[in-house]
Amino acid sequence: MRAHVPDDSSLRTRETAVEQRHLDVVYQRLAEKLAEAEFILEDAAKRASVGTPGALAERDAQVYRAGAHLQRLNSEFEDFLFGRIDLQQPDRPEEDGIPSQTPADPADPRIAETLHIGRIGVLDSEYGPLVIDWRAPAAAPFYRATPLRPGRVVRRRVIRSRGRRVLGVEDDLLRPDLRPTLDGEELPVVGDGALMATLGRARSHTMRDIVSSIQAEQDEVIRAPAAGATLVTGGPGTGKTAVALHRAAYLLYQDRRRYAGGILVVSPTPLLVSYTEGVLPSLGEEGQVAIRAVGSLVDGVEANGYDSPEAARVKGSARLAQVLRRAARLALEGPETPGELRLTHRGEVLRLDGRALAEVRRSVFGNSGTPVNLLRPRARRLLLDALWQRYTALRGPALSRLGREDLQREREDFTDRIGDADDGDGRFGAFLDAWWPPLTPRQVLTRMAADRRLLSRAARRILTPAETDLLADSWKAAGEGRTTVADVALLDELRVLLAEPAAPRTPREVDPVDQLTGLDEVTTYADRMSRMYERERRAAHEAAERTDYAHIIVDEAQDLTPMQWRMIGRRARSATWTIVGDPAQSSWTDPAEAAAAMDEAIDGFTGRGGGRKPRRRFELTTNYRNPKEIAEVADVVLARAYPEAVPPTAVRATGVAPRFAAVAVEDDERFGAAARSEVARLLEAVEGTVGLVVPMERREEAARWIAGLGERAVALGSLEAKGLEYDATVVADPSGIAGESEAGLRVLYVALTRATQRLTVLSGPLDLPDATGRPALLTP
């Protein structure tokens, strides 16, 4: 597998110089392309003086293309040119440039072709490839080739550069049996392997792309077809998040027009959003991909807290959809809702008592699924109908003598006088505002919290009394300015159930022909009612149909609740999906319920999606993050938390065993001092970042413990650690993390798998079973 030429410093220096010369040629060509793009922009500006529509359209197209090209060329890339593959002569000419899985002729060990791989493609002046875009089919062998199935790839090289300077190279020789030659000399091989060199690099507080170290099983996911849903599972450290982000860049490269509607990446926490948001710009993709935390998906709403595990369990359940459907209607019946309507028309007192108003309300709702706010025009109309019935009952003899047309004019006069909110004292309009007020999602939650009887009615036979009390207590806090992550999905559900209040009617545009002839449209009362029904139907339809994303990527999908799946599904009515997760890391306690909600979201909600969309399933099996010493400790917890799971295989060892220390976890001062001391020690031991992971209730004090230790240290709660990684991790109070919820052992498993180099566990003395110092929770 290794080199035929000794790997010494002179060889590394020589091969680095070879790649430097090629990079110089690439940057010279980039400078030429920049000049061309700037010339096009200048030329387009001159076309502004040409007034023909065709010239202006051509100018706009030129400006757009040249501007986009300039933006890509001017992007600051680390490792702009990061890879190279040396390919053997193909068996057949049509294999050239494609990932062949059949070996080439072993009798011909010459290197027939060399391809350089980079973040964007660059052609020379003769349109020959200087750099192949990493997403292009020709670049696939860089990722797909393995020693067992090398195809035509003889040597794979990772080139590490910064700006215009090549810093070093690392090689993998995939066909050592060939004794291949390049330019008549035996092929040199530098370093201990590209993957291991990449894995050993220090971490920062932002994820770097893995474009130079994508492995075959990861590349298979990245390049999978987009139709339907791509479902990816894999344990900690298998690269699920990175693969998902690279897939977004790949899809845009393959069919940018198809994904013009945008790609939405849903992350579990704001910390993970901050950690990953730089990956796509580094791959040359910006603007068409939105990365948002699940608590930030609703515009104008930002989660600023977490519920207790018990409250979060209730709020996440699919049963809440039924509760909120009732609550959206019951919220109209607050203590300030008037119980009687009394008006006077032509000397007659017209009265609707509580029973009559309740009957009108039931008629308004009927069997309609129309959002509550959009039913207000219908409520107005039916109230007027009920008042008219009262009036005709009082004036029956007089009205019975009127002809049909006179009776219709009487009804229209009645509607104009009674129903116009701007006439007289506007009592009818004021009553309608109080009896059917426009509601917001926040108002509904606040009213349910303020009136336990209304909430109990909404939750009757759906939730238990204890669950109802949990909701009321949590929503009362939400009314005071606190929004939890679980609340965001509920507010989104209510947004759909309520819809925006109906916009005021605009005056009808007058036909110019009518103005010329002096004629006006003749309509009947029935005509106008029919149009009103049509406006209501159209408004309800527009409220239900939101702008779709073209593709949805869900990261750490195992943590999503059924209500959160409903929220995401509304943004994906016609989207394709990529969903990555690991059941063994799930913090949600009912996987079957969540799986059903996920299927419904993928298919566009039953009855709307046009049938079941195809699914493709992949499993990532290699742990590239944790060394074996750390993985062995985490696997002990995994066996208890999720016995059926098979842990991913760690590919490297550091020789440094995890450290265990006993601390009085109940003594905040001593516990904090011990945590600070351990974080400080690890900052000295590693070049990159150190994470302190504690139970959720201690995360604020943990931040105070390590204050002043520098930017490389960070404190976070157990649920916030998902998807993140650090050079070293301190897991403080593992028993506290495990006992936070029903899924506590799985959350602890997540915490133990964040480190790439070193792990320290701080436990209470009572957790230690023997003299080994390893907590009982982590003892096989």
Side-chain angles (χ1 to χ4, degrees), residues 220-234 240-241 243-248 250-252 254-255 258-268 288-295 297-298 316-322 486 488-490 492-493 495-496 544-583 585-588 590-620 723:
E220 189 177 0
V221 175
I222 292 170
R223 296 174 190 266
T230 299
L231 309 178
V232 186
T233 59
K240 299 184 299 299
T241 298
V243 165
L245 294 172
H246 286 67
R247 179 163 169 76
Y250 175 76
L251 292 175
L252 286 168
Q254 286 293 100
D255 195 343
R258 176 179 180 181
Y259 297 104
I263 296 177
L264 173 65
V265 180
V266 181
S267 287
Q288 288 181 291
V289 182
I291 304 179
R292 302 181 71 173
V294 71
L297 277 182
V298 178
S317 172
R319 296 174 296 162
L320 259 290
Q322 303 174 57
V488 175
L490 308 188
D492 190 65
E493 189 82 19
R495 177 186 60 82
V496 175
E545 296 297 321
R546 302 293 174 180
T547 301
D548 285 347
Y549 284 93
H551 191 82
I552 303 288
I553 294 176
V554 182
D555 192 15
E556 305 293 352
Q558 73 281 344
D559 289 336
L560 290 179
T561 70
M563 294 302 294
Q564 289 169 342
W565 277 116
R566 290 177 64 84
M567 174 174 61
I568 296 170
R570 294 187 192 98
R571 289 149 179 80
R573 299 288 184 181
S574 58
T576 53
W577 294 75
T578 298
I579 299 173
V580 300
D582 178 17
Q585 299 183 60
S586 175
S587 59
W588 179 248
D590 192 340
E593 185 187 29
M598 180 190 74
D599 283 336
E600 197 171 54
I602 291 173
D603 294 327
F605 295 102
T606 303
R608 301 183 189 177
R612 184 174 174 83
K613 294 178 182 176
R615 271 85 160 155
R616 285 170 304 280
R617 299 181 185 274
F618 298 88
E619 183 179 7
L620 303 177

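Every heavy atom of this structure was used, including side-chain atoms; hydrogens, water molecules and symmetry mates were not.
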Which residues pass the side chain to side chain contact (heavy atoms under 4.5 Å, CB included) test with [X], not counting sequence neighbours?
{"X": "R258", "answer": "A226, D255, T576"}
{"X": "T578", "answer": "T230, R247, H551, I553, V580"}
{"X": "A550", "answer": "Y259"}

Does [X] have any side-chain hydrogen bond (donor to acceptor under 3.5 Å, both in side chains) partners at least two apart in sequence or in another chain, and if so, which?
{"X": "Q254", "result": "Y250"}
{"X": "R615", "result": "D599, D603"}
{"X": "D559", "result": "S587, K722"}
{"X": "R292", "result": "D299"}

Going from [atom1] on [X] to [atom2] on [Y], what distance comes out if it is rounded to the nearest 0.5 angstrom?
{"X": "E593", "Y": "T561", "atom1": "CD", "atom2": "OG1", "answer": "8.5 Å"}
{"X": "L264", "Y": "L297", "atom1": "CG", "atom2": "CG", "answer": "6.0 Å"}
{"X": "T241", "Y": "E556", "atom1": "OG1", "atom2": "CD", "answer": "5.0 Å"}

Taking the side chain as every heavy atom from C-beta outward, state whether [X] and [Y] have any pair of such atoms under 4.5 Å apart.
{"X": "L560", "Y": "M598", "answer": "no"}
{"X": "K240", "Y": "V221", "answer": "no"}
{"X": "L490", "Y": "L320", "answer": "yes"}
{"X": "L245", "Y": "V289", "answer": "no"}
{"X": "V243", "Y": "V232", "answer": "no"}

Closest contact, heavy atoms only, [X] versus [Y]:
{"X": "R571", "Y": "I552", "result": "O-CD1, 3.7 Å"}
{"X": "G234", "Y": "D582", "result": "O-CB, 3.1 Å"}
{"X": "W577", "Y": "V554", "result": "CZ3-CG2, 3.9 Å"}
{"X": "R616", "Y": "P225", "result": "NH2-O, 2.7 Å"}
{"X": "W588", "Y": "G316", "result": "CH2-C, 3.7 Å"}
{"X": "P268", "Y": "V294", "result": "O-CG1, 3.6 Å"}

Return the set of residues passing salt bridge (charged side-chain N to carboxylate O under 4.0 Å, His left out) with E493 (not counting sequence neighbours), or none when no residue passes.
-> R566, R570
Could you pull out all residues at least two apart from R319 that satisfy salt bridge (charged side-chain N to carboxylate O under 4.0 Å, His left out)?
-> E467
Using modelled atom types only, decide if a donor and an acceptor are shared between the side chain of K613 and the backbone of A575 within a distance under 3.5 Å.
-> yes
